Amino acid sequence: MKRLIHILILIALTVSTYAEDVSLRVSAPSSVVAGGKFRVQFTVNTQNVSNFTAPDFKGFEVIYGPATSSQSSFQMINGRTSQSSSIIYSFVVFCAHPGTYTIGSASVQVDGKTVKSRPVQVKVLPEGSNASSQRGGGPQGGGYSGMSSSSSQSAGQGISANELFMTATASRTSVHEQEAILLTYKIYTLLDLRQLDGKLPTLDGFQIQEIPLPRTKEFELEQYKGRNYRTVVWSQYLLFPQKSGNLTIPAINYEGVVVTRNRNLDPIEAFFNGQSGFTEVRRRITTPSLTIHVSPLPKKPEGFSGAVGKFSVSSSISTHEVDANEAVTLKLAVKGSGNMKLISTPEIAFPKDFETYDAKVNDKFQLTRTGLSGTKEFEYLFVPRHAGTYEIPAAKFVYFDTESRSYKTLTTEAYTLKVHKGKGGSGQNVSNYSGQQQDVQQLNQDIRYIKKGDVELHQPGHTIFGTWQYWAAYIIPFCLFLLLLFLGRKRMKSNANVALSRGRKANKVALKRMKVAQKLLQKHDAALFYDEVLRALWGYVGDKFNMSQESLNKENIAQALASRNVPEEQVLQFLQVLNDCEFARYAPGDENQNMENVYNSAIGAISKMEDSL
């Protein structure tokens with residue numbers, strides 16, 4: 001049995017190993033200096049290989065190789081095992097002439113199938129004037145964390161501006177307002193740079209978005225003005241100019257730490273005195289300033305969305321037929337690249353009989369080197385109240401096209417919505433095709449028809465005493481009294497139940513607080529407004545479910561609402577209103593607009609929750 005278990009484990013490991021995709025990866029530097037040697041490696045992630053075919057090293061001279069090495073690993077974590085193995089084929093090559101060369105594809109046979117590597121380009125730089133004069137013993141890798149400064153000099157004495165400097169480049173220096181500019185700071189060094197501190201200051205007239213770059217900087221060789229430098233892009237920013245004129249990007253002061261050899265120290269004396277012979281030198285690096293000429297946008301047409309870039313627009317509607325008083329969703333998506341954060345909500349002229357809500361905005365874009373790219377969605381929710389056939393007109397999206405340097409207007413699809421009379425629909429109104437409501441007029445109601453039939457007469461001296469009307473006049477009030485007495489006692493009992501009474505009055509208390517918030521909204525008192533709205537939302541749930549102040553949190557609220565079979569979308573909407581209110585209190589932007597949006601969302605959430613409960 002033990003032997004069978006071992007065999008099964010080996011089979012499982014083998015299957016899991018071969019289940020992985022077999023690949024042949026190549027590793028080579030992107031740039032080298034002419035006359036230097038470098039290593040090229042091909043790694044295949046399995047050892048079951050045969051017939052390795054070397055690539056075409058056209059333009060290079062192979063000094064050594066292929067040298068074959070292999071490695072295997074076995075891991076067991078929490079009872080789960082994994083195994084990996086690979087074979088590495090190494091070459092040492094040489095190139096004497098500058099230029100750009102391509103190392104072709106290598107190939108191996110794996111289980112009868114041919115696996116190839118991708119071709120890779122290597123740029124061979126001419127031998128620079130600094131070939132034998134670099135300080136600090138040549139290039140060193142990585143290392144940008146803080147270092148001990150016990151032997152640090154106070155200034156970068158002896159380091160010239162040609163050995164360590166930074167450049168600042170803009171993708172364009174003449175743009176229109178809101179047009180994206182890529183600002184790049186790149187460092188060039190011949191020394192062993194270990195640390196660099198500095199950041200972009202606040203720029204007047206620009207909106208700034210920093211492009212995330214890897215924290216570990218990997219240097220590459222690049223020839224600049226006849227010298228071969230180790231270079232790396234240190235930081236990049238997207239700038240969106242907010243005003244016209246000549247805007248200046250000022251010079252930035254960086255402080256770098258360089259490790260250099262102390263030439264005044266005797267190496268024998270340094271060895272016996274425990275000194276390293278190397279010194280940390282601090283060097284101030286100043287980037288050049290840039291001037292950007294920003295032209296104002298041409299005269300803005302009516303309906304301009306504020307978008308600058310390259311965009312397309314599309315739309316969709318959730319349904320083309322609906323019952324009255326049922327919600328319909330219309331989605332409008334703006335796709336492209338540019339200043340997508342500043343795009344305003346397109347206006348749609350809904351029929352006047354529709355009850356509409358503020359559009360919900362979903363941002364699905366990401367930061368790229370050409371601007372913000374992706375999609376911005378606008379979701380319009382509306383409720384038709386009356387039956388009829390309505391035309392929802394097309395929405396227009398006007399933006400400034402940076403390629404043609406002109407305004408362009410995009411138009412969405414127009415929709416026809418057929419609304420049927422629902423259970424709660426109005427029977428007193430009809431609508432024509434254009435959606436203009438007309439009242440049904442009642443005619444000939446001023447003169448009623450003459451009543452026909454037998455006339456009921458009464459005998460003289462006839463009285464009501466002893467008739468059924470007489471006894472009904474006593475019995476009905478007595479029954480009403482008993483009914484009122486019963487209802488009164490029931491009301492007294494329910495009022496004695498504090499929790500039940502508190503739950504019944506939750507909606508009234510919340511609406512009373514929202515009235516106070518409305519007055520604060522009119523006074524533009526943002527701090528007290530958001531406090532009152534949050535007090536209304538939290539208080540409504542606390543009163544409704546008799547929850548103590550300590551137990552009031554979003555998780556408990558979600559559980560309480562779910563236990564009362566409240567639809568999940570309403571629970572998420574209520575929690576979203578809480579999040580929006582807390583966020584809007586500190587969010588920048590149009591304060592009045594934020595307060596109105598929060599107020600409307602809170603009123604809608606409380607009303608829908610009350611209807612569901």
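What you see is a predicted model; the values in this text were computed from it and never measured.
Heavy-atom neighbours of Asp204 CG from other residues, nucleotides or ligands within 6.0 Å: at or below the threshold of 12. For CZ of Arg25, the number of neighbouring non-hydrogen atoms (other residues, nucleotides, ligands) closer than 6.0 Å is 12 at most.
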Applying salt bridge (charged side-chain N to carboxylate O under 4.0 Å, His left out) to Asp525 and Lys519, what does each step give before you reach the verdict?
CA-CA 9 Å; Asp525 192 342; Lys519 295 180 180 179; over 6 Å; no
* Test Glu222 against Arg230 for salt bridge (charged side-chain N to carboxylate O under 4.0 Å, His left out), laying out the working first. => CA-CA 6 Å; Glu222 181 181 327; Arg230 293 166 55 240; over 6 Å; no
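No hydrogens or angles considered: nothing links the side chains of Thr329 and Ser318 as a donor-acceptor pair under 3.5 Å. Counting only N and O atoms by type, the side chains of Gln236 and Glu210 include no donor and acceptor under 3.5 Å apart. With 3.5 Å as the limit, one finds a donor-acceptor pair spanning the side chains of Ser315 and Tyr415.
Ring geometry for Tyr237 against Tyr185 counts as perpendicular: the plane angle is over 60°, on a 0 to 90° scale with 30° as the lower cut.
Between Asp401 and Lys310 there is a salt bridge, with a side-chain nitrogen of the basic residue lying less than 4.0 Å from a carboxylate oxygen of the acidic one. Here Glu326 does not pair with Arg385 in a salt bridge; the nearest charged N to carboxylate O distance is not below 4.0 Å. Under a 4.0 Å N-O distance rule, the pair Glu377/Lys360 does not qualify as a salt bridge.
Annotation: cation-pi pair Lys186/Trp234 absent, no NZ/CZ under 6.0 Å from the ring centroid and within 45° of its normal.
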